[in-house]
Amino acid sequence: MIRRSIGFLVAVGTVALVLGASQMRLPAFPSADSIVRVSWSARPERVETCRRLTDEEYAQRPAHMRRRVECEGTTARYELRVLRDSVLLVVDTVRGGGLRHDRELYVSRELTVPSGPARLQVRFVRLDSSQVADESLRADTTGADAWQNRAAREDEERERRRAEAIPAALVVDTTVTLQPRRVVLVTYGDAGRQLSVRSGPQ
Amino acid sequence: MAAPQRSLERFAWRGLAAADRLFNRLYGWRSNPLYQSGTIAVALLGVLIVTGLWLLLFYRLGTPYESVARLTASPITGNWVRGLHRYASDAALIAVVVHLFRMLAQGRSWGPRALAWVTGVGLFALLFVCGWTGYVMVWDEFGIVLAREGARMMDSLPIFSEPVVRAFSGERPVATAFFFVNMFAHVALPLGLAVGLWLHVSRVSRATLLPPRRLMWGVIGLLTVAAVAWPLRMGPEASAFTLPESVSADMFYSFWMPFSRRLPGGVAFASAVAIFAILALVPAFTRRIANRPVASKVDEDLCGGCVQCTLDCPYGAIQMIPRPGERGSKSAEVARVNPALCVSCGICAGSCAPMAIGPAGRTGRDQLARVKEFLRSPELHRGGVVVVGCDRSALALTVAAASEDAVFYPVDCAGSLHTSVIELIVRAGMRGVLVAACPPRDCWNREGPKWVNERIYNDREAELQARVERRRVRLAHVDSRDIAGARKAIAAFAAETAALDAARAEESLEVDATCVTAAGVAE
């Protein structure tokens with residue numbers, strides 16, 4: 001009987017230990033600092049170099065690929081700078097995603113900073129100058145080939161992409177009060193096409 | 001002889017043996033939860049599936065936190081079920097770890113058992129990830145901490161075009177798709193567990209999947225009472241903009257976080273993979289190369305094709321094949337051992353009446369030769385009790401036997417003991433034979449105690465012959481390190497057999513002669 005009672009108590013004690021370990025306090029963010037979270041994704045601007053094909057080159061192209069003006073390019077690089085009270089926290093070069101860097105670029109940084117009022121500056125500036133092609137190279141709608149409208153369509157597409165791309169320079173310079181154990185989010189909104197600072201859900 | 005233990009196994013076994021002894025005293029070997037760790041884990045998996053399906057009915061992907069909060073607020077239909085689900089997952093993790101430790105300590109991790117070990121480690125990992133996703137489903141503060149930590153590790157893999165952790169940045173509400181994927185993983189992983197479990201036991205015959213009813217319902221009942229008595233409370237909802245100083249966490253599934261958070265995501269992920277990989281590679285470290293036990297062999301001339309060895313083999317390593325060559329008057333089939341599956345337990349030697357099978361040097365015939373040698377020993381005290389037990393229990397049984405004026409006779413495993421050995425000992429004039437087998441669920445060869453019991457008492461093939469007086473033979477289950485328990489069993493048996501001898505002495509008295517002598521003395 002005594003042995004059974006001890007056995008029962010041991011079983012109850014074991015379950016109590018399981019319950020205790022199942023609901024323990026785990027330190028998550030013990031310091032009283034804040035976090036500046038810089039996070040967004042956007043389409044980078046495309047940087048292209050265009051040139052007019054010579055007649056010989058033009059003739060060598062297969063019929064379905066004939067265009068007077070051919071453009072090659074990649075996406076622009078951007079520099080991210082984050083400063084708190086004019087102290088540089090981050091400087092980094094950002095490129096588009098993917099092996100060819102032709103996908104959306106993203107910024108994702110979490111910076112632990114002391115809490116309290118602070119001047120927060122975030123700059124996101126294009127490094128590569130967009131090589132604006134000679135206007136005479138742009139649209140080549142001349143010619144009697146079957147593809148004469150293609151250049152115009154591609155120009156339209158290029159303009160649309162440019163309009164969707166992130167602006168060449170984004171800057172936010174603001175004074176915020178960084179609360180202990182709170183996050184200040186710096187993000188880019190497609191709608192406003194500018195950086196914004198938030199400290200709570202929209 | 002059984003393969004010697006490695007130093008790591010010996011060290012682990014010492015701790016395990018002490019715990020076994022304690023739990024045997026408290027609960028008896030039939031209900032010792034340490035012996036049943038694997039089956040308890042399976043039973044708890046069943047509890048998790050049943051409670052999980054119930055909880056799933058109330059879970060809403062669009063409002064995960066609110067739906068769980070509603071459920072938690074309902075004491076009759078929700079809270080205790082959630083509590084039981086949670087505590088059962090914790091207890092399952094403990095049971096799996098104990099089971100893993102037990103198999104390591106008993107040297108059951110290598111050779112033909114490597115598949116069971118590797119799949120066991122896989123099941124452990126799956127259970128762990130399953131618990132992880134379960135806590136993320138709740139989407140409270142602990143949920144987002146786990147989700148962000150998981151995302152941080154996943155982002156170290158070069159497979160995502162954007163960091164997963166941005167899903168929790170607060171730019172926009174967390175997508176319902178995330179909760180769907182998480183829930184899908186939480187529901188699909190148990191299917192993986194079922195497949196893994198099937199693989200895990202695929203190389204053993206008659207796998208025992210559930211513990212004895214008393215123990216199973218005892219564990220489930222205790223967890224249910226705990227779930228009712230200590231209702232769960234909801235933590236604050238997950239927020240991308242709040243960093244809690246601490247969160248209410250289940251340490252069974254988050255004990256690693258204080259370490260991992262100090263490491264870069266890639267290093268933390270690689271460390272987790274490395275730990276499980278090392279665990280999975282244990283069979284490579286524990287395998288015996290020099291002392292590799294030899295597989296059983298069949299003497300086809302002696303094999304009568306009775307199939308008993310194929311029935312008794314705990315690992316399904318023996319099959320019947322058509323007899324090669326000239327059959328003559330012999331059986332159409334003979335046994336054939338698959339060396340890749342044979343763990344050299346020797347149980348087939350005990351199952352074969354004509355002594356045709358067994359590992360080299362351990363067949364029935366070898367056992368008979370050895371016991372004859374033992375009985376010829378001049379130091380042997382005729383009329384004493386012989387205790388037959390396995391190598392693992394040698395220490396406890398030798399000490400206990402010596403203190404009770406008995407003799408210990410070691411065999412590889414009680415299940416490999418041929419009943420002719422028992423008969424020979426009894427016929428040699430010994431007072432009785434106590435077969436001290438390990439508790440059934442603790443047999444290193446799985447079914448040794450079960451088969452020896454059947455052969456002694458229930459006429460299973462290779463049975464103890466009827467001519468052997470059963471009162472002079474006893475089967476006792478003794479823990480391998482339990483000297484006190486062994487002494488008690490030996491003392492009880494010795495007293496009973498001594499009483500038999502006394503009764504026999506009385507039966508053999510010549511009454512007339514005794515009366516005459518007594519009358520003469522009186523005169």
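Taken from CD in A:Gln179 to CZ in B:Phe241, the straight-line distance is 14.0 Å, to the nearest 0.5 Å. In this structure, A:Leu26 CG and B:Phe255 CZ are separated by 12.0 Å, a value rounded to the nearest 0.5 Å. A:Phe8 CZ to B:Tyr27 OH: the interatomic distance, rounded to the nearest 0.5 Å, is 9.5 Å. For the atom pair B:Leu243 CG and A:Ser34 OG, the distance stands at 8.0 Å (nearest 0.5 Å). If you take CZ on B:Arg86 and OG on A:Ser22, they are separated by 4.0 Å, rounding to the nearest 0.5 Å.
Within 6.0 Å of CZ in A:Arg43 there are 12 or fewer heavy atoms belonging to other residues, nucleotides or ligands. Counting heavy-atom neighbours within 6.0 Å of A:Glu157 CD, excluding the residue itself, gives a total above 12. Residue-environment remark: CZ (A:Arg103) stays at or below the threshold of 12 foreign heavy atoms within 6.0 Å. The neighbour count for A:Arg3 CZ, taken as heavy atoms of other residues, nucleotides or ligands under 6.0 Å away, does not exceed 12. For B:Arg487, the CZ atom counts as loosely surrounded, since its 6.0 Å shell holds 12 or fewer non-hydrogen atoms of other residues, nucleotides or ligands. Shown here is B:Trp29, whose CH2 atom has more than 12 heavy atoms of other residues, nucleotides or ligands within 6.0 Å. Within 6.0 Å of CZ on A:Arg161 lie more than 12 heavy atoms contributed by other residues, nucleotides or ligands.
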Original post:
salt bridge (charged side-chain N to carboxylate O under 4.0 Å, His left out) between A:Glu110 and B:Arg148: does it pass, once the steps are laid out?
Top reply: CA-CA 12 Å; A:Glu110 293 214 342; B:Arg148 289 185 66 87; 2.4 Å; yes
Original post:
Which is it for A:Arg25 and B:Glu245 under the side chain to side chain contact (heavy atoms under 4.5 Å, CB included) test, yes or no, and what are the steps along the way?
Top reply: CA-CA 9 Å; A:Arg25 297 304 296 182; B:Glu245 188 178 357; over 6 Å; no
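Contact tally against chain B (heavy-atom pairs below 4.5 Å) for A:Ala28, A:Gly189, A:Gly20: the top residue is A:Ala28. Chain B forms the most heavy-atom pairs under 4.5 Å with one residue out of A:Pro30, A:Ser199, A:Gly98, A:Ser41, and that residue is A:Ser41. The candidate from A:Val184, A:Leu19, A:Thr187 with the greatest count of non-hydrogen atom pairs under 4.5 Å with chain B is A:Leu19. Interface remark: of the candidates B:Pro163, B:Gly28, B:Ser161, B:Ala226, B:Pro163 forms the most heavy-atom pairs closer than 4.5 Å to chain A. Each of B:Arg166, B:Arg261, B:Met257 has some count of heavy-atom pairs under 4.5 Å with chain A, and the biggest count is that of B:Arg166. Among A:Ala16, A:Pro27, A:Gly97, A:Ser31, the residue making the largest number of heavy-atom pairs under 4.5 Å with chain B is A:Pro27.
Proximity to chain A is limited to the side chain of B:Val165, based on heavy atoms less than 4.5 angstrom apart. For A:Val10, the parts lying near chain B are the backbone and the side chain together; criterion is any non-hydrogen pair under 4.5 Å. With a 4.5 Å cut-off on non-hydrogen atoms, A:Val38 does not touch chain B at all. With a 4.5 angstrom heavy-atom cutoff, B:Ile94 touches chain A only via side-chain atoms.
Side-chain contact between A:Gln23 and B:Leu232 is present, with heavy atoms from C-beta onward closer than 4.5 Å.
With no hydrogens or angles considered, a side-chain donor-acceptor pair links A:Arg182 and B:Thr242 at under 3.5 Å.
Each of B:Asp90, B:Asp250, B:Leu222, B:Leu93 was checked for a side-chain contact (heavy atoms from CB on, under 4.5 Å) with A:Val18, and the lone residue meeting it is B:Asp90.
Under a 4.0 Å N-O distance rule, the pair B:Glu171/A:Arg37 does not qualify as a salt bridge.
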